[in-house]
Amino acid sequence: MAEIANLVVSALDGVVAPGRYGRRTGNPGVIVSEVRGVGLATFTARKGRREALVDAARAAFGVELPSLPRCVAARDIAFIWSGPDQWLAHRYPAPAQGMEAALAEPFAGLAALVDQSHGRTVLRVTGPRVRDALAKGLAIDLHPREFKTGYAAVTAVAHIGVHLWQTDDDPSYELAVPRGFALSFWHWLEASSAEYGLELVAAST
C-alpha cells in the first residue's frame, strides 16, 4: 500500500509524446523535458521563528535561505524563495521517506511543511529561443540584465500560476506548475514555441 501511495503519475503521461512540435526544419529553438521523481515541499516559518529557521537550514544544509527571489543549492537539495518567509524545497531524486519526513527533523517546531511532490509538474525548458517563447505569456522580463542564473519568481504564464527559476546561463529554466494546469500549460508552451520548433525529450528520471 505504501508503494502505491507514493507513486507519482505524470499529468502528461499518455497525452503528450516526446518528439518534434511546430516548425520541423532546423534545430529546435525550445527544448523541454519533464523532471520526474523530484521531491517538492513548501515550508513557511512559524510566527517569530524565522531567524531560528534560517539558522537551522544553515546548520543542516550549509546554505542561507534566500530572502530575495533566488534559488540556492545545498548538496542534494535546493531552496527556492516563494514569498516572505516561504520557500520551496526541491530534491532530486525525491527521498524515499518523502519530503516532509526528510525536513521534519531539522525544521521541527520552526516551519509548517507541506509535501508538493504529487501536486506539481516540473518542466525543464531550454534552447536558443526559450526566452522568446516564454515572453509571449510571461509577466516578468527574462532578459539577462534582469534575470540571471539563480534568480526565481512566483508569477503567471498565460494566466497559469508558475514557480520559475533559472538553472544556468544557456539559459535553462525549471518551472513548477500546478498538476491540474500542467496540460493547459503544455498546450500554451507548444503554441508559443511553434515558430521556433519545440523538441520534447524523454522525461528526466
Side-chain angles (χ1 to χ4, degrees), residues 8 32-127 130-131 134 138-157 161-178 204-205:
V8 178
V32 183
S33 63
E34 183 181 358
V35 184
R36 299 188 184 179
V38 64
L40 300 170
T42 56
F43 62 101
T44 304
R46 296 190 181 278
K47 186 175 181 179
R49 305 310 306 273
R50 185 189 189 284
E51 293 307 317
L53 177 62
V54 170
D55 290 343
R58 189 187 304 116
F61 303 105
V63 295
E64 197 82 11
L65 291 177
S67 58
L68 295 172
R70 303 288 186 269
C71 173
V72 298
R75 296 193 293 273
D76 61 349
I77 196 168
F79 298 107
I80 304 133
W81 181 93
S82 301
D85 299 344
Q86 300 176 49
W87 298 269
L88 177 70
H90 174 292
R91 183 171 168 183
Y92 181 82
Q97 74 271 35
M99 288 294 286
E100 284 192 49
L103 296 174
E105 182 176 346
F107 294 164
L110 303 175
L113 295 163
V114 179
D115 197 309
Q116 293 287 338
S117 305
H118 295 259
R120 303 194 193 185
T121 294
V122 178
L123 298 176
R124 184 173 293 136
V125 187
T126 189
V130 64
R131 287 192 181 102
L134 291 176
L138 190 64
I140 62 172
D141 184 2
L142 292 180
H143 191 283
R145 287 194 304 264
E146 302 297 330
F147 202 92
K148 309 174 189 297
T149 298
Y151 280 37
V154 178
T155 184
V157 175
V162 299
H163 200 165
L164 172 150
W165 54 99
Q166 185 171 330
T167 59
D168 60 41
D169 292 338
D170 285 344
S172 301
Y173 306 92
E174 289 196 5
L175 298 96
V177 183
S204 303
T205 56

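For clarity, every value in this text was computed on a predicted model and none was experimentally measured.
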- prompt: So, R120 side chain and A176 main chain: donor-acceptor pair closer than 3.5 Å or not?
  reply: no
message: Would the distance check show the side chain of D170 and the main-chain N or O of S172 forming a donor-acceptor pair, the cut-off being under 3.5 Å?
response: no
query: Within the side chain of E34, is there an N or O that forms a donor-acceptor pair under 3.5 Å with the backbone of R36?
result: no
- request: Carefully, step by step, assess R124 and V32 under the rule side chain to side chain contact (heavy atoms under 4.5 Å, CB included).
  value: CA-CA 6 Å; R124 184 173 293 136; V32 183; over 6 Å; no
task: Could you grab the distance from atom CH2 of W81 to atom CG of L88, nearest 0.5 Å is fine?
output: 12.5 Å
field: Y173 and F147 aromatic ring geometry - parallel, tilted or perpendicular at 30°/60° bounds
entry: tilted
task: Output, in order, the C-alpha distance, side-chain angles, deciding distance and verdict of side chain to side chain contact (heavy atoms under 4.5 Å, CB included) for L68 and Y151.
output: CA-CA 9 Å; L68 295 172; Y151 280 37; over 6 Å; no
message: What's the separation between atom CG in L138 and atom CZ in R131, rounded to the nearest 0.5 Å?
response: 11.5 Å
query: What distance separates Q116 CD from E100 CD, expressed to the nearest 0.5 Å?
result: 9.5 Å
- prompt: Short question: side chain of D115, backbone of A41 - any donor-acceptor pair under 3.5 Å?
  reply: no
query: Does R49 have any salt bridge (charged side-chain N to carboxylate O under 4.0 Å, His left out) partners at least two apart in sequence or in another chain, and if so, which?
result: none
message: Using the rule given for side chain to side chain contact (heavy atoms under 4.5 Å, CB included), can you reason through V122 versus L40, listing the C-alpha separation, both sets of side-chain angles and the distance that settles it, and then say yes or no?
response: CA-CA 10 Å; V122 178; L40 300 170; 3.7 Å; yes
Distance, nearest 0.5 Å, that separates CG of L164 from CG of L175: 4.5 Å
task: Using a 4.5 Å cut-off on heavy atoms from C-beta on, say whether the side chain of P171 contacts that of V130.
output: yes
task: Report the C-alpha separation of F61 and I77 in whole Å, then their side-chain angles, then the decisive distance to 0.1 Å, and conclude whether the side chain to side chain contact (heavy atoms under 4.5 Å, CB included) test is met.
output: CA-CA 8 Å; F61 303 105; I77 196 168; 3.8 Å; yes
- prompt: Do you know which two heavy atoms are closest between S117 and G39, and how far apart they sit?
  reply: OG-CA, 3.4 Å
field: salt bridge (charged side-chain N to carboxylate O under 4.0 Å, His left out): pairs with one or both residues in residues 68-95, sequence neighbours excluded
entry: R50-D85, D76-R91
field: Exercise: identify the closest heavy-atom pair between A74 and V63
entry: CB-CG1, 3.3 Å
- request: Grab the two heavy atoms, one from V38 and one from A94, that are nearest each other, plus how far apart they are.
  value: C-CB, 3.8 Å
message: Is the distance between the ring centroids of W87 and F79 under 6.0 Å?
response: no
query: Is it true that the side chains of H163 and E174 contain a donor and an acceptor less than 3.5 Å apart?
result: no
- prompt: What are the two closest non-hydrogen atoms of A56 and P106, and how far apart are they?
  reply: CB-O, 3.5 Å
Main-chain N/O of D169 paired with T149 side-chain donor or acceptor, under 3.5 Å: yes
- request: Mind checking side-chain hydrogen bond (donor to acceptor under 3.5 Å, both in side chains) for R58 and listing every partner two or more places apart, or none if nothing turns up?
  value: D55, E64
- prompt: Rounded to the nearest 0.5 Å, how far does CG of L65 lie from CD1 of I80?
  reply: 11.5 Å
field: Euclidean distance, Q86 CD relative to T44 OG1, rounded to 0.5 Å
entry: 4.0 Å
